[in-house]
Amino acid sequence: MRGPGKWTPRQTRQAWGGGGLSHSGLCMPHWRLHTELMAESPITARSQDFAAWYQDVVLQGDMAEPAEIVKGCMVIKANGYAVWEVLQRELDQRFKATNHQNLYFPLLIPESFLKKEAEHVEGFSPELAVVTVAGGKTLEEPYVIRPTSETIIGHFFAKWIQSWRDLPLLCNQWANVVRWELRTRMFLRTTEFLWQEGHTAHSTHEEAVEESLRMLDVYAEVSEDVMAMPVIKGVKTRAEKFAGALRSYSIEAMMQNGLALQAGTSHDLGQNFGKAFDVKFQNKEGQLDYVWQTSWGVSTRLIGGLIMTHSDDKGLVLPPKLAPVKSVLVPIYRKEEEKGPVLEAAHRIAKEVGAKVDDREGQSPGAKFFHWERRGVPVVLELGPRDLASGKIVLKRRDTGTKEPVDQTAIAGKLAEALADMQTGLFTRAKERMKANTVLANSIGEVEEILKNATAEKGGGKFVMAHIKDDPAVDARMKEFKATIRNIPLVDEFDGPGKCIVTGETVPHRAVIAKSY
RNA sequence: CGGGGCGUAGCGCAGCCUGGUAGCGCACCUGCCUUGGGCGCAGGGGGUCGGGCGUUCGAAUCGCCCCGCCCCGACCA
């Protein structure tokens, strides 16, 4: 049954106005002309429809699929979850290295808890899912399904903290959260998503600020060094900060269409939740004081950012450090007598270099190449009778598409080299793209001029760097061009102080204005 | 939540206007043959036509209601 809710190429095609007519025949790469009817469907070109391309890559890369029976939710498939597991490992070891411990709090939070911090409840109430009936009875007090856990953690922190000796308290939890979203996109925004949320309590504000910046650095490091995704660290404006925080920091990445993606956030919560949940400690002077808290999180959204940073019209591209399978060896043989020696050599070499052998029967090598290509495997090795005779093996890179015959004796080194080169190459390319699409503006008119045509279809979005005041009224003006102030960078890479393009007041340096996901 | 589009086999679609009990390609299964970028041939399995109600001798097809998904906008990691 076709069933409700398949995100099909046909539907996306119609959405961008092609009516499903003949776009497939017109501007496809030539190899698609005779492969239209293949099981693994073609991928919409980025230049045609970026949103459709993204969806195709997720689906064809077997990363996830819509859970059509649950509104706004998705199934993260084995391929996608494996990437999440690598991310979890990379993040978790850095959390541990900075003395955090993992624990776990309940999914359900008493509704009254949310209401204890005024700004917090106001920020989250539109997106709460609430449990009102359980065990066949209407509950006296409804539970909300956690949209984040500051409140319930505040409650327990109050029980656990008495003295300055209990501080700092450094916690993290890996969890799912639910935020009722009006519009969803796989990985980027779904009703339920996976994340980690760090929660810490400190005896001084300085220490809390230090902590929130430390974890922002951890996020930036994982983004750039592991995911090869360049980011801008900065402060969120008051209008954009987390509901209940004193100050929020973010890392912002630029997708291939020039739109910004908030890839991680870290919050200085001040004493707001301490006061709301009565989290007090006795300091060294014997005085009672409220704790200073932080919270910080990254989610499965990172995977969406990863896809929109590196993937191409052939499908997924995974940076080697994140790829669950770094290389696949495709054995090629024509005659029965070739099969034995080829497979023997294939397994020997694969074992030596840690590659996976695709020895499925009944699939042609060509089909296997396409299969692994769209799943983002960094390197595919090809080994056939010709290579056996010459002592070579063919190494093909996913990022550049280059094919190179390599001496079998040198393959381990060459493979490692190719993977390392791909990792840095992907980062460099993304970084250069970000630079190329970052422009300065010195008046609100210029900002408008730049952003009004800034969509993927019209040549790509931009990061507009402008002097602009951190004032909600100023943020509101950005709505005129469907943009937001993404953040105020921690490090100024431009020209220092200048006059705000809206109010004329002097501000320390330029901020990032962009359209975003 | 407003505007637009769509829902027929696992996937992509035809059939609907002009009602007569469902078809094509790919995928899947079996066998042979092939294998350096999506091989070929032969045979085969698979569908409560998104759901409900109605009109009719008869509904995928006509009418009403509902549900879901995609796209575009307002809110958000």
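Everything numeric in this text was worked out from a predicted model, so none of it was measured. Chain A is the first sequence line, chain B the second, and so forth, proteins listed ahead of strands; every chain is numbered from 1.
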According to the Watson-Crick and G-U wobble definitions, with both distances under 3.5 Å, which nucleotide is paired to [N]?
{"N": "B/U56", "value": "none"}
{"N": "B/C32", "value": "B/G40"}
{"N": "B/G2", "value": "B/C72"}
{"N": "B/C17", "value": "none"}

**Prompt:** Is any side-chain N or O of A/K403 closer than 4.0 Å to OP1 or OP2 of B/G36?
**Reply:**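 No, because none of the side-chain N or O atoms of A/K403 sits under 4.0 Å from OP1 or OP2 of B/G36.
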Taking only residues two or more places apart in sequence or in another chain, which ones pass ring-ring contact (aromatic ring centres under 6.0 Å, His included) with A/H199?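 None.
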Exercise for review: Quick one: list whatever passes ring-ring contact (aromatic ring centres under 6.0 Å, His included) with A/Y249, sequence neighbours left out.
Suggested key: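 If we apply the ring-ring contact (aromatic ring centres under 6.0 Å, His included) test to A/Y249, skipping adjacent residues, there are no hits.
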**Request:** Tell me which residues in residues 329-350 of chain A put a heavy atom below 4.0 Å from RNA chain B, sorted by number, or none.
**Result:**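 Of all residues in residues 329-350 of chain A, the ones placing a heavy atom under 4.0 Å from RNA chain B are A/I332, A/Y333, A/R334.
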So which nucleotide from [options] ends up closest to the side chain of [X]?
{"X": "A/D387", "options": "B/G36, B/G38, B/A77", "result": "B/G36"}
{"X": "A/F370", "options": "B/G73, B/A77, B/G38", "result": "B/G38"}
{"X": "A/K479", "options": "B/C75, B/C71, B/A77", "result": "B/C75"}

- [ ] Please list, chain by chain and in numerical order, all residues satisfying salt bridge (charged side-chain N to carboxylate O under 4.0 Å, His left out) with A/D62, sequence neighbours excluded.
- [x]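 Here the qualifying residues are A/K77, A/R375.
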Partner set under salt bridge (charged side-chain N to carboxylate O under 4.0 Å, His left out) for A/D92, not counting sequence neighbours:
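Here the qualifying residues are A/K96.
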Rounded to the Å, how far apart are [X] [atom1] and [N] [atom2]?
{"X": "A/E122", "N": "B/C75", "atom1": "CD", "atom2": "C1'", "answer": "13 Å"}
{"X": "A/E480", "N": "B/G73", "atom1": "CD", "atom2": "P", "answer": "17 Å"}
{"X": "A/Q60", "N": "B/G12", "atom1": "CD", "atom2": "C1'", "answer": "12 Å"}
{"X": "A/L182", "N": "B/G68", "atom1": "CG", "atom2": "P", "answer": "14 Å"}
{"X": "A/R360", "N": "B/U34", "atom1": "CZ", "atom2": "P", "answer": "21 Å"}
{"X": "A/W296", "N": "B/A77", "atom1": "CH2", "atom2": "P", "answer": "18 Å"}
{"X": "A/E252", "N": "B/A77", "atom1": "CD", "atom2": "C1'", "answer": "11 Å"}
{"X": "A/Y54", "N": "B/C71", "atom1": "OH", "atom2": "P", "answer": "11 Å"}

With sugar-phosphate meaning primed atoms plus P, OP1 and OP2, does [X] contact a base, only sugar-phosphate, or nothing at under 4.0 Å between heavy atoms?
{"X": "A/L261", "answer": "nothing"}
{"X": "A/Y517", "answer": "nothing"}
{"X": "A/E181", "answer": "base"}
{"X": "A/S250", "answer": "nothing"}
{"X": "A/T265", "answer": "nothing"}
{"X": "A/Q262", "answer": "sugar-phosphate"}
{"X": "A/G305", "answer": "nothing"}

Rounding to an integer number of angstrom, what distance separates [N] and [M] when you compare their [atom1] atoms?
{"N": "B/C11", "M": "B/C53", "atom1": "C1'", "answer": "32 Å"}
{"N": "B/G10", "M": "B/C62", "atom1": "P", "answer": "24 Å"}
{"N": "B/A9", "M": "B/A14", "atom1": "P", "answer": "12 Å"}
{"N": "B/C26", "M": "B/G45", "atom1": "C1'", "answer": "16 Å"}
{"N": "B/G3", "M": "B/G40", "atom1": "P", "answer": "48 Å"}
{"N": "B/A60", "M": "B/C49", "atom1": "C1'", "answer": "5 Å"}
{"N": "B/C57", "M": "B/C67", "atom1": "C1'", "answer": "31 Å"}
{"N": "B/A59", "M": "B/G20", "atom1": "C1'", "answer": "10 Å"}

When the ring centroid of A/W180 is compared with that of A/F124, is the distance short of 6.0 Å?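 Not close enough - the centres of the two rings lie 6.0 Å or further apart.
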Qualifying residues under side chain to side chain contact (heavy atoms under 4.5 Å, CB included), relative to A/A245, sequence neighbours excluded:
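Side chain to side chain contact (heavy atoms under 4.5 Å, CB included) list for A/A245, sorted by chain: A/F242, A/S248, A/H267, A/L269.
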A/E122: what forms a side chain to side chain contact (heavy atoms under 4.5 Å, CB included) with it, not counting sequence neighbours?
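With neighbours one apart ignored, the set is empty.
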Mark yes or no for whether A/D312, through its side chain, and A/G315, through its backbone, hold a donor-acceptor pair below 3.5 Å.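 Indeed, once roles are kept as given, a pair shorter than 3.5 Å links the two residues.
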* Please, which pairs that meet side chain to side chain donor-acceptor pair (under 3.5 Å) have at least one residue in residues 326-346 of chain A, sequence neighbours excluded? ->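 Residue pairs with at least one partner in residues 326-346 of chain A: A/K339-A/E361.
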What N/O pairs connect the protein and nucleotides 39-46 of chain B at under 3.5 Å? Give each pair on its own line.
residue, atom, partner, partner atom, Å
B/C39, OP1, A/S364, OG, 3.2
B/C39, OP2, A/S364, OG, 2.1

- Nearest nucleotide by nearest heavy atom, which residue falls closer to the 5' end of RNA chain B, A/F242 or A/R386?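 The residue closer to the strand's 5' end, by nearest nucleotide, is A/R386.
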When you match A/L388 and A/S516 each to their closest nucleotide on RNA chain B, which lands nearer the 5' end?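 So the residue in question is A/L388.
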**OP:** Would you sort out whether A/R179 and A/E192 count as a salt bridge (charged side-chain N to carboxylate O under 4.0 Å, His left out), showing the intermediate values?
**Re:** CA-CA 6 Å; A/R179 298 179 185 178; A/E192 179 185 6; over 6 Å; no
| task | To the nearest 0.5 Å, tell me how far A/H120 NE2 sits from A/K115 NZ. | result |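 The distance works out to 13.0 Å.
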Is the shortest side-chain N to carboxylate O distance from A/K392 to A/D387 below 4.0 Å?
->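 No, A/K392 and A/D387 are not salt-bridged.
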